[in-house]
Novice: 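Structure incoming, see below.
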Amino acid sequence: MLNNPVWAALTGPQACFAEAAGNAARFLPEIAPFAALSDPADPAAWRDLATITDYALLTGPSITPRAGWEQDRVTPGVQMIGQSMSGVEDPEAVVLTEKDVPEMLDLVARAEPGPFLKRTVDMGRYLGIRDSGGRLIAMAGERFRLPGWTEVSAVCTDPEFRGKGLGARLTLAVAAGILARGELPFLHAVHDNENAIRLYGRLGFTHSADVVFASFRYTGPS
């Protein structure tokens, strides 16, 4: 499942957020920008994908588009798993909900952790830390959920408050919630984000696979 986590999520615990056609599926546009194929090597799956979207963001170990599709952008990344780590709840972390979305989007704009949309918060439990004035300055949460695994995502800190360990605290707090459900945490990071990868390693995550985050555009009939 970890080789194709988005497909496992869209056809499993997060099927309620999916738009599917045959061997392709995507998250509803307001939830997340990701799509998935049951088998990226299957031309029929790419044809199915074209019936639900003309632009798709996919992730996996290696993805080569089939006829009718062309690659737009590709970013190398890594997948890390917390198979033997321990989470730590944080007494200062607050649960973020739909009412906090405007603040979350504002923080994402400042900190740029990756895709986060108006309804991404519906995907799982999100936690935040506020400063003394009540401003949201750091957050992290759950994104892809597949049987036995949940992804830690949107780990970000306001640039003014970096270097204080807030991201580490929230990563451990989110992982604690995942582990308490009897699941295991995993995450993704951009390959050149060496500081984040080192941090996740110190927290107990280990390298699982090299992956890519690749977007594709449909250009015509296959």
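None of the values given here were measured: they were computed from a predicted structure. The analysis underlying the following values was restricted to heavy atoms, covering all of them including side chains, and did not include hydrogens, waters or symmetry mates.
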Novice: Do the two ring centres, one from Tyr126 and one from Phe116, sit under 6.0 Å apart?
Specialist: yes
Novice: Do you know the tightest heavy-atom contact between Leu57 and Phe213?
Specialist: CD1-C, 4.3 Å
Novice: Check whether any side-chain N or O of Ser215 sits under 3.5 Å from a backbone N or O of Arg73 as a donor-acceptor pair, and report yes or no.
Specialist: yes
Novice: Kindly compute the distance separating NZ (Lys118) from CG (Leu105), expressed to the nearest 0.5 Å.
Specialist: 8.0 Å
Novice: Got Ser153 and Glu142 here, is their nearest side-chain heavy-atom distance under 4.5 Å?
Specialist: no
Novice: When you compare the side chain of Gln83 with that of Thr206, does any pair of heavy atoms fall below 4.5 Å?
Specialist: no
Novice: Check this for me, if you would: do Asp158 and Arg135 make a salt bridge, where the nitrogen-to-carboxylate-oxygen distance has to be below 4.0 angstrom?
Specialist: yes
Novice: Give a yes or no on whether the backbone of Ala44 and the side-chain of Asn23 come within a donor-acceptor separation of less than 3.5 Å.
Specialist: no
Novice: I'd like to know if the side chain of Thr59 reaches the main chain of Val212, judged simply by a donor and an acceptor atom lying under 3.5 Å from each other, with no hydrogens or angles considered.
Specialist: yes
Novice: Donor-acceptor pair, distance only, cut-off 3.5 Å: does the side chain of Asp100 make one with the backbone of Thr97?
Specialist: yes
Novice: How about Glu30 and Leu117: do any of their side-chain heavy atoms sit closer than 4.5 Å?
Specialist: no
Novice: Let me confirm one number: the CG-CG distance from Asp106 to Leu136, rounded to the nearest 0.5 Å.
Specialist: 8.5 Å
Novice: Quick one, Leu127 and Met139 - any side-chain contact, counting heavy atoms below 4.5 Å?
Specialist: no
Novice: For a side-chain hydrogen bond (donor to acceptor under 3.5 Å, both in side chains) check, start with the C-alpha distance between Arg125 and Thr150, then their side-chain angles and the critical distance, and finish with the verdict.
Specialist: CA-CA 10 Å; Arg125 179 175 177 248; Thr150 296; over 6 Å; no
Novice: Aromatic ring centroids of Tyr218 and Trp69 under 6.0 Å?
Specialist: yes
Novice: Do the side chains of Val155 and Tyr200 get nearer than 4.5 Å, heavy atoms only?
Specialist: yes
Novice: Angle between ring planes, Phe186 versus Trp149, binned at 30° and 60°: parallel, tilted or perpendicular?
Specialist: perpendicular
Novice: Considering only heavy atoms from C-beta outward, does the side chain of Phe144 approach that of Val6 to under 4.5 Å?
Specialist: yes
Novice: Just checking His191: does its NE2 atom have more than 12 heavy atoms from other residues, nucleotides or ligands closer to it than 6.0 angstrom?
Specialist: no
Novice: For a side-chain contact (heavy atoms from CB on, under 4.5 Å) check, start with the C-alpha distance between Ile31 and Thr120, then their side-chain angles and the critical distance, and finish with the verdict.
Specialist: CA-CA 5 Å; Ile31 295 287; Thr120 302; 5.7 Å; no
Novice: Over 60° means perpendicular and under 30° means parallel, so tell me whether Phe216 and Trp46 are parallel, tilted or perpendicular.
Specialist: perpendicular
Novice: Which residue is it: Gln79, Arg145, Arg143? I am looking for the one with a side-chain hydrogen bond (donor to acceptor under 3.5 Å, both in side chains) to Glu151.
Specialist: Arg143
Novice: About how many Å separate CD1 of Ile137 and CG of Leu107, when rounded to the nearest 0.5 Å?
Specialist: 9.0 Å
Novice: If every non-hydrogen atom of Ala21 is compared with every non-hydrogen atom of Thr51, which pair is closest and at what distance?
Specialist: CB-OG1, 3.4 Å
Novice: Measure the OG1-CG distance between Thr75 and Asn193 for me, rounded to the nearest 0.5 Å.
Specialist: 12.0 Å
Novice: Using the rule that Ile, Leu, Val, Met, Phe, Trp and Tyr join whenever any side-chain heavy atoms are under 4.5 Å apart, tell me whether Val152 and Val94 fall into a single cluster.
Specialist: no
Novice: Measure the spacing between CG of Leu49 and CG of Leu58 and express it to the nearest 0.5 Å.
Specialist: 6.5 Å
Novice: Taking the side chain as every heavy atom from C-beta outward, state whether Trp7 and Asp39 have any pair of such atoms under 4.5 Å apart.
Specialist: no
Novice: Can you name the closest pair of heavy atoms from Leu170 and Ala140 and give their distance?
Specialist: CB-CB, 3.8 Å
Novice: Take atom CD in Glu98; do more than 12 heavy atoms of anything else shown fall under 6.0 Å from it?
Specialist: no
